[in-house]
There are 2 protein chains.
Amino acid sequence: MNLRQLSEELGLSQTTVSRALNGYPEVNEATRQRVQAAAEAHNYRPSQQAKSLATGKSMQIGHVIPFSAQHDMVSNVVFSDFIGGAGEVYAQHGYDMLLSMVNFDDEERAYRELVRKGSVDGMIVHGPTQDDPRIALLKELDIPFFVHGRSTHVTTPYNYLDVNSKSAFRRATDFLLDLGHERIGLINGSERMDFAQRRRAGYEAALTARGIAIDTDIMRSNEMTEPYGFSAACEMLTSENPPTAFMASSIVPALGIRRAIESQNLTVGRDVSVICFDDAISYMPNGEGEPIFTAARSSVRDAGRRCAELLIAQIADPTADPVSELWDAELVVGRSTGPAPKKD
Amino acid sequence: MNLRQLSEELGLSQTTVSRALNGYPEVNEATRQRVQAAAEAHNYRPSQQAKSLATGKSMQIGHVIPFSAQHDMVSNVVFSDFIGGAGEVYAQHGYDMLLSMVNFDDEERAYRELVRKGSVDGMIVHGPTQDDPRIALLKELDIPFFVHGRSTHVTTPYNYLDVNSKSAFRRATDFLLDLGHERIGLINGSERMDFAQRRRAGYEAALTARGIAIDTDIMRSNEMTEPYGFSAACEMLTSENPPTAFMASSIVPALGIRRAIESQNLTVGRDVSVICFDDAISYMPNGEGEPIFTAARSSVRDAGRRCAELLIAQIADPTADPVSELWDAELVVGRSTGPAPKKD
DNA sequence: CGCGGCATCCAAAGCGCTTTGGAAATGATT
DNA sequence: AATCATTTCCAAAGCGCTTTGGATGCCGCG
């Protein structure tokens, strides 16, 4: 059942039926009722492709997800919650989400294709690196886009929403320093990512401000998995000068750190303290009620919602100036932190 | 730059240019070269909507993800890995993935719309329940679809790929029984899900075969989060007749169970054994090398790949008979299991 | 009574592609 | 040289929608 058939059956022109269905004023209310009833009865839905071709809007928003044998973004812990939040907002506005999975090497081509093909009206950029080339690319392609995170060294303005990773890690590290910890391990995410750089900067700033030297022996950077947290923490704990506290970039490696601590017959929050960044991942919540880990918390799902809203606004008015938001993480105190143990 | 402009510039008809680009034989090889070069030079990509409108194929595959305030599928641990695998295969075949996020109540409508609008050429059904209504719906809508999992009580044939959950849990429970455990807790996923029912059936079958009574006091069912595993295990461990072993439906609650065991100053694999189902989630791997948990393992990413392949085959030949695959999980032995502790 | 204004509807022209049904040119065959 | 098959190309008709630019009829008003 298409528009022509429907209009013939109603004895109306396609114009009128289309207008009736799309809520235009120049159609008699009685006629509109009749049209809507008929459309309902035949379960009529306008063809999205025809509609898109006529209007020039695809009503789809693109997310490009690079993958490789080693790692990929979709398996990044925070990704699924982010798109969950974004997807909600898309749905409210009649948009669908287009996910394009591509090899790392083909990423640029994927952006180009999606835009040139006209498959999407806007795009979200995930996991920006420093000086991320995708920002310039999308500007060149002249399509609305929104960055989840920030890209250091990109000077032209662009739309982004980021959490203030540096101040979050600065504060969290200060919190440990205030508890008397002087040797604090950093178990960071992959420092290809801009946010990981910022977290390290916050960590280092806090140490430096107290006159504690940066020691790369107790600093790691990698994809944020549980075994990574475990092995990194094990190495440090069994070293000559083990840390008394850890800063972790996500709750996932933090779970590994916990396992490492307990495997050394030490107790979390007493012998060794742990603070992590908590993205409030829905299936990996930081406890119910009292937090498991003392953490810098910021909901990635909320970020997804907000990015989607702002992107849709940008699509609606592409001439609007770029907007940016910088969210502060909140520091929640759980049972994973305590005073530094007395030295022997 | 569209087809007309390109063809005018080349002094050729749209027909010839289109055919040259799409690899049809009735075009001179020299001409084809010239066309391809020009297309490349102008960075020309045919409009997807126009193409879809003309061919009737959207080259998109739909995934409907219901969400609610409580839980949603996208945040389900296994989901992101599944779509990661599926997305790879889609990309290889020129398909894109369309994700539609909808309220639980609107799920049926979402399927209807996506199909009627012509936005998708096929669909994947996630997380089937018993007697899942979506199967009948998609048959009525007459669109190729593929189910990840199975739906008990649906008698008409349909495409699916499932892991033999029952036999996996049967074998795993037998493994614990062989180690002398007689009181084994079950920390299952939500039993709205078909697979959770099957896992429980496997667990119960193993117990019954040894003449051990089913005791619902040590059986739980819920969304598979870490805190759920923790609190469920805590309750059981502090009860009058605590289990000496646990079966968990995923590695995520298993991590919670581990935390619960250690919070009771007990040791995993010595005082209390744990076996979980391991979906081989990429950022939550079951250790590196030696498994953390003894587990029934089956890669959900591989399942995603395979579902995508089979769905694409079905789209290519919609008259083909439904296919189904039932994968066996492998039982991998880690450090989380050991002989039942001697009774006092 | 004639005219402007309003409400309601419609014919037709796109949107950018694919594909059908030839046409023209070329080469091979008799 | 005439015929026929091939190769190579093209004009034009869709695909199903939106939207422009009227047309029609009806009303009130001077």
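Everything numeric in this text was worked out from a predicted model, so none of it was measured.
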Between CG of B:Asn28 and P of D:dT6 the distance, given in whole Å, is 18 Å
Compare side-chain N and O positions of A:Thr15 against OP1 and OP2 of C:dC9 and report whether any pair is under 4.0 Å apart.
no
Does the side chain of A:Tyr44 get closer than 4.0 angstrom to OP1 or OP2 of D:dG16 through an N or O atom?
no
Under 4.0 Å between a side-chain N or O of B:Thr55 and OP1 or OP2 of C:dT18?
no
Integer-rounded Å distance: D:dG14 C1' and A:Arg4 CZ:
11 Å
CD of A:Gln14 versus C1' of D:dG14: gap in Å, rounded?
13 Å
Considering only heavy atoms from C-beta outward, does the side chain of A:Leu311 approach that of A:Pro144 to under 4.5 Å?
yes
Is any NZ, NE, NH1 or NH2 atom of the basic residue among A:Glu88 and A:Arg301 found under 4.0 Å from an Asp or Glu carboxylate oxygen of the other?
yes
Name all residues meeting the side chain to side chain contact (heavy atoms under 4.5 Å, CB included) criterion together with A:Val154; count only those two or more places apart in sequence or in a different chain, and write none if there are none.
A:Asp131, A:Ile135, A:Ser151, A:Thr156, A:Tyr158
Short side-chain N/O contact to D:dT19 OP1/OP2 from A:Tyr24, under 4.0 Å:
yes
Apply side chain to side chain donor-acceptor pair (under 3.5 Å) to the pair A:Thr15 and A:Ser18, showing each step before the final yes or no.
CA-CA 5 Å; A:Thr15 307; A:Ser18 170; over 6 Å; no
Can you check the B:Gln48 CD to C:dC17 C1' distance for me, whole Å?
10 Å
Roughly how many Å is it from CD in A:Glu26 to P in C:dT8, rounded to a whole number?
10 Å
May I ask you to verify if any side-chain N or O of B:Asn2 is less than 4.0 angstrom from the OP1 or OP2 atom of C:dC15?
no
Tell me the bend of the helix from C:dC1-D:dG30 to C:dT30-D:dA1 as the angle between end helix axes, each from five pairs, rounded to the nearest 10 degrees.
60°
Base, sugar-phosphate, or nothing: which does A:Gln49 touch, judged by heavy atoms less than 4.0 Å apart?
nothing
Return the orientation label for the B:His126 and B:Phe82 ring planes: parallel under 30°, perpendicular over 60°, tilted otherwise.
perpendicular
For D:dT8, does the base pair up with any side-chain atom of B:Thr16 as donor and acceptor (N or O, under 3.5 Å, distance only)?
no
For A:Ser52, which contact category applies under a 4.0 Å heavy-atom criterion: base, sugar-phosphate, or nothing?
nothing
Heavy atoms under 4.0 Å, any strand shown: does B:Ser47 hit a base, just sugar-phosphate, or nothing?
sugar-phosphate
Among D:dC17, C:dT18, C:dC15, which nucleotide sits nearest the side chain of A:Pro46?
D:dC17
Send over the distance from A:Leu12 CG to C:dA11 C1', rounded to a whole Å.
14 Å
Do A:Asn103 and A:Pro66 touch side chain to side chain, with heavy atoms closer than 4.5 Å?
no
When you get a sec, tell me which of D:dC10, D:dC15, D:dT8 is the closest nucleotide to the side chain of B:Arg19?
D:dC10
